[in-house]
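Residues take their numbers from the sequence shown, with the count starting at 1. Just follow the structure's listing: the first ligand is 1, and inside any ligand the first atom is 1.
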Amino acid sequence: MTADFFPEERAEMPPKMPFVAALAAAAARDHAPFYAPGHKRGQGSLAHWRDLVGPGALRLDLPELPELDNLFAPTGPLLAAQRLAAQAFGAEETYFLANGTTCGLEAAILATCGPGDRVLIPRNAHRSILSALVLSGAQPIYLAPLDDPVWDLAYGLAPKQVATALAQWDRVRAVVVVSPTYQGVCADVAAIVAIAHAQQIPVIVDEAHGPHFGVHPDLPPSAIAAGADIVVQSTHKVLSALSQASMLHCQGDLVDRDRLRQALQLTQSTSPNALLLASLDAARYQYVTEGRDRWAEVMALAHTVRSRLGALSPWAVLTPAAVQAAGAPSLDLTRLTVDVSALGITGFTADEYLNEVWGVTAELPTLRQLTFILSVGNTAADGDRLVHAFQQLIAAAPTLDAAPPVPRSPAPIAPIREPPCSPRDAFFAMPRSRDWAAAIGHISADSLCPYPPGIPVILPGEVITKAAIAYLQAIQHAGGTITGSADPQGQTVRVVEL
Ligand SMILES: Cc1ncc(COP(=O)(O)O)c(C=O)c1O
């Protein structure tokens, strides 16, 4: 590759993207690279790989050169980019994350909870929270989220649940809230913050699916606006950053910022990918400059698709009225969840048909439903294609595999409880492997988790119940995948020998 492949003029980026501009300038600079990564700006890459990725992208894959700042001690363009992001998202401070929301949630728990401290957690939290419990040694108090028996879905925490748990348990060092859920259902974050702050307890919000909330007044309120102390967003899931690029926002004085920064160093690579970090800077710039108009278009597209699908009717589309009936305050209308059970097929079967026959690919198939993410990357043609594919599904459904009967997931709806063994003790115990059925009544050392959505049915430290095993077997039988077993076939679970 010649030096002029990346011409000087490409270094002239809009000044309001400090890290993008610094990266472009570094990529354009003529020099002999004696540093990692070994492909040296693409010059040493396999030709096929270079053609596939594009030489421009490889040229931008640079390490933490002096002019590119340092993620753990930023003083230059990265610090400037993070400050602009804090401004854009309404936070006091923002940290760029190169290891997804996963590392941000782990750091948030490590920054607030030590071994033996209690933390309130909705039982339908993502598995990254479990990792945080193993890493920190904190003891979870699992709270049942709002339950929607009509949709067979678990939503966010009700403020009342948080108040009850705080009255019952001492040594609670943080409250974790998931808002929105995968399906876009929000919790009343402001009310939960008011309850927790009355006892000086910080609130950590997993806003992986809501980084766009602050961009338009018709979207639900963002968790930072609702007063949460730490908010972690998957900028890559909904806004336009590259996969794995997330942001952690914080405000207030309930969280020790020095400890938070230390924790972020524990959970991230010392070689953060510059393309990921630059994509956060670009996504933030797009958010502030054209975000409002672009998201108005996304909401208009979502409205059209929702009403056209609703008119076809052999299924139900999740609506604000449905989630409000179950007690949740709001729904992000750009998340589209369609229940196909009235067609006599599973969400997995519908997903396979829509994907393989019509090239319409959902984010999340579950037993009964399919969830689609709409964002600024979608076009009106995508919407037409989705509606057309669903029209065809009505005719095809009788020829597809019929849905087997499946029980409800028992995990999220159990009452408030402290598991008999902490996830950390269970993880480090000397476990024994048993077949699922033989493990009933024992304490699990593993997390067994249908993926997606990555919400464990059994967590380390919990007693394995008959209902949980029946549910996991039904999911496998219906074509779903269970992750977390030590054996590749997913038939065994390791149990703690106490
Ligand atoms: C609710 C929730 N929280 C956290 C995560 C982890 O996010 P990331 O993939 O950015 O690490 C996910 C990922 O799917 C998620 O759905």
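Under the rule for a side-chain hydrogen bond (donor to acceptor under 3.5 Å, both in side chains), the partners of Glu418 that lie at least two apart in sequence or sit in another chain are Arg118. Applying the salt bridge (Lys or Arg N to Asp or Glu O under 4.0 Å) rule to Arg292 yields no partners; only residues at least two apart in sequence or on another chain are considered.
Residue Gln244 places no heavy atom under 4.0 Å from ligand 1.
The part of Asp206 lying near ligand 1 is the side chain, judged by heavy-atom distances below 4.0 Å.
Annotation: Asn99 places no N or O atom under 3.5 Å from an N or O atom of ligand 1; distance criterion only. For ligand 1, the polar-atom distance check against Ser128 finds no nitrogen or oxygen pair separated by under 3.5 Å.
Although no hydrogens or angles enter the test, the distance criterion places no donor-acceptor pair under 3.5 Å between the side chain of Asp446 and the main chain of Leu448.
The Ser234 neighbourhood of ligand 1 comprises atoms 7 (O), 8 (P), 10 (O), with distances under 4.0 Å to a heavy atom of that residue. Heavy-atom proximity to His236, at under 4.0 Å, picks out these atoms of ligand 1: 8 (P), 9 (O), 10 (O). Using a 4.0 Å cut-off to heavy atoms of Ala208, the atoms of ligand 1 that qualify are 2 (C), 3 (N), 4 (C). Atoms of ligand 1 found under 4.0 Å from any heavy atom of Ser246, numbered from 1 in the order shown, are 10 (O). Each of the atoms 10 (O), 11 (O) of ligand 1 lies under 4.0 Å from some heavy atom of Gly100.
The pair Asp382-Arg385 fails the salt-bridge criterion, with no side-chain N (NZ, NE, NH1 or NH2) lying under 4.0 Å from an Asp/Glu carboxylate O.
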| query | Yes or no on side chain to side chain donor-acceptor pair (under 3.5 Å) for Arg284 and Thr94, after CA distance, side-chain angles and deciding distance? | reply | CA-CA 12 Å; Arg284 185 271 314 158; Thr94 291; over 6 Å; no

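Screening Leu374, Thr334, Val317, Leu301 against Arg306 for a side-chain contact (heavy atoms from CB on, under 4.5 Å) leaves a single residue, Val317.
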